[in-house]
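In what follows, chains are A, B, ... by sequence order, proteins preceding strands, each numbered from 1.
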Amino acid sequence: MSLLAIFEQALNGMIVSSFYALAALGLAIIFGVLRVVNFAHGEFYMLGGYAYFMALSALGLPPVLGLVVAAAALAIFGALVEWLLIRPVYDGRADRPEEYSIMITFALSILLLNLANSLFGPWPRRPEPLFRGRIEIGELIVSGDRLAAAGVAVILITALLLGLRYTWTGRAVRAVSQNREAAEIFGISVTRVGMLAFAVGAALAGLAGALMGPVFNVVPPMGVIPVIKAYVIVVLGGLGSIPGAIIGAIILGQVESFATILIPDPSRALAYKDAYGLVLLIAILLLRPQGLFGTQDRRA
Amino acid sequence: MTPQRARTLALGVLLAGFAVLPLLLGDYWIYTLTIGFYYAILAASWALLVGYVGRISFAQAAMAGLGGYASALGVQHLGLPPVLGLGLAVLVSGALGLAIGWLTLRLHGAYLGLTTIAFAEILRITATAEYGLTEGSRGLQVAPLLTGGSRTEYYYLLLGVTAGCLVLMGLLLRSRLGLFFQSIREDEDGAASLGVNVTLWKMVAFAISSAFAGLAGGLYGHFVQLITPSMMSLQEMGIVLAMAVIGGFHNVLFAALGGVALQVLLEALRELGEWRLVAFGLVTLLVLRLMPNGIFGAAVATIAARMRRNGGDE
């Protein structure tokens, strides 16, 4: 393999990683604060894609505002879901909170998938991308819509990390992730932070869907595969760990990018592409369930 | 009337009802109910694992698909008669269930859910990708279980197998094994400290539950005579989950009834198109949120309470 081809695969891997990271960060924040794995995250991603599509086609907004609409719509939706369905997990109303949280989010994902199928139909839609054309970096040629989407993803991730680190709200979110009881004693409203975390997580999934929609089409099952990748990433990095989610995304992007071109039979390599991450997921859970950056004390 | 006698009576009426139904219904509904029995075994086997042992799995539909492929390929390539093919389905699914149970011994809750999703998707991807063996997403033709069997014959066969499976599950759960299972669900460390071999029974539970799913899948394949990888998808798993939850997944019989009832409703409301799946998703959420024991569980609890009150008046 030539050096150029290696660079090309590495760059492709980095672009894909940035989308993966955006979706995985949402899962990580939700798990960190609420200790709930959101099995409906892929459908939040899909709804983000549709919100973006509707904002552009029905309201005629420019793509940048479309992103804002997708983020806002999913944040409101996420807050509603938290209020109506997730709250029994930690206020003592559910008998077996963990079992309840798994089943309710899984059931929600099936509901949203079928709802999208009924409302929007099974046809793929292709909304206007942020940016058209190609960009040449030396001899490398990258399609502009992907690079622009990846750039926006990186900016959003940076903004999120800064927000978590320096704002009072971000500190509250991290405090609740680290120790719920202590955070409550210090006067943080755990309920409000939980709702905020779910809204932010949903908005991040929606943004990822809105950014990817123009690249890979908007269809009802579009979230099924990305969300499985997001699970792999958060498990790889340690559930609930923010830096873990980012490094996990970079690792998975590169693994997938290079593993595909190393398998000779192209049709079979393509069919098995999505299985690498799953094998990785099982291997991590069996060998190091706390992930690369998770804490040891938690029971897997 | 004592609660025991009321229960025996209710079970007798239920079985008699299902035995009489084919005399009243046309071919189409007999077919629908027969498919419903497949879902009944599947939902009950899932409830056995999730409701009694407290071990979550999203691989149940994939296990049924595995059983379907095992039986179909056994008949096709090894020349087995379909009945032995079903035996192979039970063995293969049970063995993989045992293996997954062993691999996931240390995992709980969401981690277990994620791992079983990964196993299920790997099975589905493999069934799609190995088209030389499985015909991929075009689907695999399967030999019929009864050569030239009528719909009614299949109906009674599947009714019998479903009833047999439920009786077997009921006996298992009423034995010491059932107590071990529930002790693991309530408090794993506590059970271990009292001498329950938690490691062994967690694996056994996974194996038994998967074996029943494999049998269901094998029967389905030989009845419908076509299986595709889509029967292993997470959407299909979602339907099984909805059936067990709506029926009541803390009781294998309620989960099985949920399977039959939902399958019949799905067919009856066909003119609503995709919206009926939306409605079922919504009902599943409401039941999970408001009626954790399912519709049948809540109904039986109400009837039992009324009987007790009436008994007190006398």
Counting only pairs under 3.5 Å, give me each side-chain donor-acceptor contact of residues 286-297 of chain B, with atom names and distances, residues two or more places apart or in other chains.
{"unit_1": "B/Arg289", "atom_1": "NE", "unit_2": "A/Leu84", "atom_2": "O", "d": "2.7"}
{"unit_1": "B/Asn293", "atom_1": "OD1", "unit_2": "B/His250", "atom_2": "ND1", "d": "3.4"}

Tell me if the centroids of the rings in B/Phe58 and B/Phe119 come within less than 6.0 Å of each other. no
Residue A/Ile228 versus chain B: region with a heavy atom under 4.5 Å: side chain
Output yes when a side-chain donor or acceptor of A/His41 lies under 3.5 Å from a complementary backbone atom of A/Ala205, and no otherwise. no
Please rank B/Leu112, B/Leu105, B/Thr128, B/Leu103 by heavy-atom pairs under 4.5 Å with chain A and give me the top one. B/Leu103
If you look at every heavy atom in B/Val198 and B/Ile184, which pair is closest and at what distance? O-CD1, 4.1 Å
As an exercise: rank A/Val235, A/Val37, A/Ile110, A/Ile102 by heavy-atom pairs under 4.5 Å with chain B and give me the winner. A/Ile102
Part of B/Val50 within contact of chain A (heavy atom distance under 4.5 Å): both
Please collect all salt bridge (charged side-chain N to carboxylate O under 4.0 Å, His left out) contacts where either partner lies in residues 43-57 of chain B, sequence neighbours excluded, each pair once. none
Is chain A contacted by the side chain of B/Leu282, its backbone, both, or neither, given a heavy-atom distance below 4.5 Å? both
May I ask you to list the residues in residues 115-124 of chain A that approach chain B closer than 4.5 angstrom, counting heavy atoms only, ordered by number? A/Leu115, A/Asn117, A/Ser118, A/Leu119
What part of A/Leu281 gets closer than 4.5 Å to chain B, counting heavy atoms only: side chain, backbone, both or neither? side chain
Evaluate the ring planes of A/Phe53 and A/Tyr50, with Trp represented by its six-membered ring, and classify them as parallel (under 30°), tilted (30 to 60°) or perpendicular (over 60°). perpendicular
Most heavy-atom pairs under 4.5 angstrom with chain B, which of A/Phe106, A/Phe39, A/Tyr100? A/Phe106
Residues passing the side-chain contact (heavy atoms from CB on, under 4.5 Å) test with A/Ile247, sequence neighbours excluded, are A/Ile251, A/Phe293
Looking only at heavy atoms and a cut-off of under 4.5 Å, which of B/Gln235, B/Arg276, B/Arg185 has the most pairs with chain A? B/Arg185
Determine yes or no for a side-chain-to-main-chain donor-acceptor pair under 3.5 angstrom, with A/Ser101 supplying the side chain and A/Val36 the backbone. no
Flag, side chain of B/Ser209 to backbone of B/Ala205, donor-acceptor distance under 3.5 Å: no
Less than 6.0 angstrom from the centroid, inside 45 degrees of the normal: does A/Arg180 satisfy that with respect to the ring of A/Tyr90? yes
